[in-house]
Amino acid sequence: MYELNEKIYIFDLDGTLVDSMRYGVELSLGFLKKNGIAYPDDIVTNLTPLGFRGVAKYYEEHFGTKMSADEIFAYFQECLTDVYTHQIPAKNNVEKALKVLKSKGCRLNVLTASPHDLTDACLKRLGLYDLFENVWTIEDFATTKADPKIYDEVARLLNAKKAECIMVDDNLHVLQTAKGAGMRTIGVFDETSAETELQMRAISDKYITDFAELI
């Protein structure tokens with residue numbers, strides 16, 4: 001069960017700390033629609049752990065896009081840089097909750113699928129970056145959040161047991177993978193993953209719809 005005195009938190013960024021998922025979803029699906037590519041209903045859940053570079057690679061490999069993965073990723077980056085740097089807001093009560101946890105001696109970290117240039121710019125603009133001990137993206141591990149090995153490596157870098165770590169995320173696949181790897185989990189509501197809420201509630205040690213519930 002979740003208790004406030006648990007010390008090591010690993011937060012996702014998009015859809016968890018910040019209200020950004022709608023931008024990524026619109027961009028990713030808009031690219032497919034623009035190119036006349038049909039896609040399955042659950043594609044958002046499947047793509048989210050991959051990051052934008054992983055999505056670009058997935059598109060090239062599975063949909064045979066005319067653009068290469070590098071070209072698709074560059075397009076994503078161009079479209080999102082201004083959004084992350086100037087527009088995306090933090091979710092309700094995120095700053096307050098993080099500061100309360102920090103004041104209680106909790107170790108706060110970020111593990112996101114978004115690249116460093118977008119992640120770091122967004123967190124610094126919101127005044128959240130310095131609250132974290134580590135800000136990691138999947139770029140730092142050369143894998144994705146759908147790979148159980150990433151949680152082994154994160155725990156090693158934290159000099160902690162996986163059972164001492166709590167993964168906080170809005171994506172069902174990430175929660176399932178982190179849980180299977182031995183971490184505890186907190187599910188976070190986001191409109192883009194609302195259809196998997198019941199499954200996330202089932203897999204999570206705690207489920208929140210607002211960060212005020214975390215404290």
Side-chain angles (χ1 to χ4, degrees), residues 2 4 6-28 44 47-55 73 76-141 144-145 150 154 157-158 165-171 174-175 178 185-194 200 204 206-215:
Y2 169 80
L4 182 59
E6 302 296 353
K7 298 297 185 183
I8 305 175
Y9 293 82
I10 305 162
F11 294 93
D12 171 49
L13 178 72
D14 299 292
T16 299
L17 294 176
V18 301
D19 191 12
S20 58
M21 279 299 295
R22 65 182 185 274
Y23 297 102
V25 169
E26 289 173 2
L27 179 62
S28 299
V44 173
L47 294 180
T48 299
L50 304 180
F52 292 113
R53 188 176 295 279
V55 170
F73 178 66
F76 287 162
Q77 288 282 89
E78 181 181 358
C79 293
L80 291 172
T81 295
D82 181 70
V83 174
Y84 276 79
T85 304
H86 300 292
Q87 299 181 44
I88 290 172
K91 282 197 162 182
N92 289 340
N93 293 306
V94 161
E95 182 177 7
K96 177 181 178 181
L98 292 177
K99 287 182 175 179
V100 169
L101 293 174
K102 186 84 169 179
S103 71
K104 293 181 177 295
C106 297
R107 298 173 63 187
L108 310 182
N109 306 273
V110 170
L111 176 62
T112 176
S114 289
H116 266 295
D117 54 353
L118 301 182
T119 296
D120 296 357
C122 184
L123 289 175
K124 288 176 181 178
R125 172 176 54 82
L126 294 171
L128 303 177
Y129 188 89
D130 291 336
L131 294 174
F132 298 105
E133 179 179 333
N134 300 284
V135 175
W136 289 309
T137 85
I138 58 175
E139 295 174 329
D140 300 314
F141 301 93
T144 74
K145 290 165 71 178
I150 199 170
V154 164
L157 291 172
L158 290 170
C165 302
I166 303 174
M167 186 70 212
V168 187
D169 208 292
D170 66 304
N171 181 266
V174 171
L175 294 171
T185 54
I186 296 177
V188 180
F189 175 81
D190 189 79
E191 290 182 2
T192 62
S193 58
M200 285 194 286
S204 302
K206 182 178 178 67
Y207 187 87
I208 63 173
T209 58
D210 187 293
F211 263 68
E213 300 167 45
L214 197 58
I215 54 175

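Applying the side chain to side chain donor-acceptor pair (under 3.5 Å) test to pairs two or more places apart or on separate chains, those with a residue in residues 113-123 are Asp14-Ser114, Gln77-Asp117, His116-Asp120, His116-Asp140.
Between atom OG1 of residue Thr192 and atom CZ of residue Arg22 there is a gap of 10.0 Å, rounded to the nearest 0.5 Å. Taking CG of Asn93 as the reference point, atom CG of Asp210 lies at 4.5 Å (rounded to 0.5 Å). Ile186 CD1 to Tyr207 OH: the interatomic distance, rounded to the nearest 0.5 Å, is 12.5 Å. Interatomic distance, Phe11 CZ to Asn109 CG, rounded to the nearest 0.5 Å: 9.0 Å. Atom CZ of residue Arg107 and atom SG of residue Cys165 lie 8.0 Å apart, to the nearest 0.5 angstrom. Annotation: the span from Tyr9 atom OH to Leu98 atom CG amounts to 10.5 Å, rounded to 0.5 Å.
Contact annotation: the side chain of Val174 never approaches that of Thr48 to less than 4.5 Å [non-hydrogen atoms, C-beta and beyond]. Residues Leu214 and Leu101 are in side-chain contact: their nearest non-hydrogen atoms beyond the backbone lie under 4.5 Å apart. Between Phe211 and Leu17, the closest side-chain pair of non-hydrogen atoms falls below 4.5 Å. With contacts defined as side-chain heavy-atom distances shorter than 4.5 Å, the pair Ile150/Leu111 qualifies.
Contact detail for Ser204 and Thr185: the closest heavy-atom pair is CA-OG1, 3.2 Å. For Thr85 against Ala121, the heavy-atom pair with the smallest separation is OG1-CB, 4.1 Å. Across every non-hydrogen atom of Pro49 and Ala113, the tightest pair is O-CB, 3.8 Å. When every heavy atom of Lys104 is checked against every heavy atom of Lys7, the shortest pair comes out as O-NZ, 3.2 Å. Of all heavy-atom pairs between Val154 and Phe141, the closest is CG2-CZ, 3.8 Å. The minimum heavy-atom distance linking Ser20 with Ile88 is given by the pair CB-CD1, 3.3 Å.
Annotation: side chain to side chain donor-acceptor pair (under 3.5 Å) contacts of Asp169 (sequence neighbours excluded): Lys145.
In summary, of the residues considered (Val110, Ile166, Val168, Leu158), a side-chain contact (heavy atoms from CB on, under 4.5 Å) with Ile10 occurs for Leu158 alone. Results of the side-chain contact (heavy atoms from CB on, under 4.5 Å) test with Thr16 over Asp190, Thr112, Val188, Val94 single out Val188 as the only residue that passes.
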From CA spacing to verdict: salt bridge (charged side-chain N to carboxylate O under 4.0 Å, His left out), Lys99, Glu95: CA-CA 6 Å; Lys99 287 182 175 179; Glu95 182 177 7; 2.9 Å; yes
Please step through side-chain contact (heavy atoms from CB on, under 4.5 Å) for the pair Leu157 and Asn134, ending with a clear verdict. CA-CA 10 Å; Leu157 291 172; Asn134 300 284; over 6 Å; no
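In this structure, Glu191 places its CD atom where only 12 or fewer heavy-atom neighbours from other residues, nucleotides or ligands lie under 6.0 Å away.
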